[in-house]
There are 2 protein chains.
Amino acid sequence: MYSIHEVCERTGLTAHTLRYYEKEKLLPNVNRSAGGFRQYSDEDLEALGMICCLKNTGMSLQNISRFMALTREGDQTLRERCELLKKHRDTVLVRMEEMQKHLEKVTWKVNYFTERLAEYERNNSDTR
Amino acid sequence: MYSIHEVCERTGLTAHTLRYYEKEKLLPNVNRSAGGFRQYSDEDLEALGMICCLKNTGMSLQNISRFMALTREGDQTLRERCELLKKHRDTVLVRMEEMQKHLEKVTWKVNYFTERLAEYERNNSDTR
DNA sequence: GTAAACCTTGAAGTTTACTCTAAGTCAATG
DNA sequence: CATTGACTTAGAGTAAACTTCAAGGTTTAC
C-alpha cells in the first residue's frame, strides 16, 4: 500500500492531479485507511501506468476514463479494449506523421532564414 | 486582396479564428475596405503561412505573437528570429522523440493485450 | 429598393486539464 | 498532549484557444 505522496513520486503526478483523476473516474475506488487517507495498491499503480501511457500519447481524460471503466469490467471487455488501443495507436501514428511534415516545414524555414540572415549581414558588414 | 472568406479557404482557419488572431496581435494591421471589411494582402497570406507553421508545431499563440511582432520590425530582427526558429525546431524534435517513446509503449500494450485476448478466447472457446 | 447573404464589434461562454483555497481531520514526535 | 505537517473535502479559479451571441452595418442580386 502506498500513500498519495509515494504515488506522486512513482508516477510524477501531483497529489492534486491524483485526486482530480479519482474524481473524474479515471481511477475511482482507491482504498482508504481508517482515518480516510488514500492507500494505493500495486494494481492501482499498474492502472496509473496505463493512464499515463494513454495520456502521454494524447488521449483525452474522458476517453481514458471510458477505457478504465472497461478495464474494471474485467476480461470480457478484453476484445473491446484491444480494439480501442489499436485505434489509438493508429491515431498516434497519423499524428506523428503529420508532425513530421510540419517539422520539415520548420526546418525549411530555418534554412531560409539562415540564408536571408547571411545575405543581410553581407550587405551590412561595411556600415559598421 | 482577399476577403476573410477567401482566406478561410486558403488557410483552413475559420473567420472567427482569423478575427481572434487579429485581436491577439498575431496579424494586426489588416487593411479594410471603405465599408470596414477586411482585405488580406499576399503578404498577409504569407504571414498566415508562418503562423500556421508555428501553430502546427505546437508554439503557443503568445509566442507566435512575439515572433510576428519581430517580423514586423523588419530585417534587423532577422538574427533573433533565426535563433528563435532554431530553438523552436529543437523543441519540436525533442517532443517528437518523446512521442516516439510513448508510442512504443502503446505498441507494446497492444501486443500484450492481443496475447491476453488470444489466451482468453482459447480458454472460453468450449463454453460457447 | 429591398431582401438575402455576408461582414462588423465587444463581450460572454466553452472546453480541457488542471490548480488553488479554506477549513477542517489525522498521524507522528518530543 | 500539543504541535507540526500531511491529508481530507467541496468548490472556486486559471490558462489556452477558441466559439458563440446579439445587434447592427454593407454588398449584391433581382
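Fair warning: this is a prediction, and the values are worked out from it, not measured in the lab.
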Take the protein atom [atom1] of [X] and the nucleotide atom [atom2] of [N], then report the distance between them rounded to whole Å.
X     : N      : atom1 : atom2 : value
B/L54 : D/dA17 : CG    : C1'   : 16 Å
B/N63 : D/dA16 : CG    : P     : 10 Å
A/K55 : C/dA17 : NZ    : P     : 9 Å
B/R32 : C/dC7  : CZ    : C1'   : 10 Å
B/E22 : D/dA17 : CD    : C1'   : 17 Å
A/L18 : C/dA17 : CG    : P     : 16 Å
A/L26 : C/dC18 : CG    : C1'   : 12 Å
A/Y40 : D/dC7  : OH    : C1'   : 11 Å

[X] side, atom [atom1]; [Y] side, atom [atom2] - distance, nearest 0.5 Å:
X      : Y      : atom1 : atom2 : result
B/K109 : A/L54  : NZ    : CG    : 8.0 Å
B/R66  : B/M59  : CZ    : CE    : 10.0 Å
B/N123 : B/S125 : CG    : OG    : 8.0 Å
A/Q39  : A/S3   : CD    : OG    : 9.5 Å

Can you tell me if B/R19 touches the phosphate of D/dA17, counting only side-chain N or O atoms and a distance under 4.0 Å to OP1 or OP2? no
Presence of B/Y21 side-chain N/O under 4.0 Å of D/dA17 phosphate oxygens OP1/OP2: no
Using a heavy-atom cut-off of under 4.0 Å over every strand shown, decide if B/Q62 touches base, sugar-phosphate, or nothing. sugar-phosphate
Remember a base hit wins even if backbone is also touched, and classify B/R38 as base, sugar-phosphate or nothing at under 4.0 Å, heavy atoms. sugar-phosphate
Is B/E22 salt-bridged to B/R32, cutoff N-O under 4.0 Å? yes
Reading nucleotides 19-27 of chain D from the 5' end, what letters show protein touch, with B for base, S for backbone sugar-phosphate only, - for no heavy atom under 4.0 Å? -B----BSS
For A/T77 and A/T71, work out which heavy atoms get closest and say how close. OG1-N, 4.3 Å
As a test of understanding, state which of B/L61, B/L27, B/V30, B/I64 forms a side-chain contact (heavy atoms from CB on, under 4.5 Å) with B/Y21. B/L61
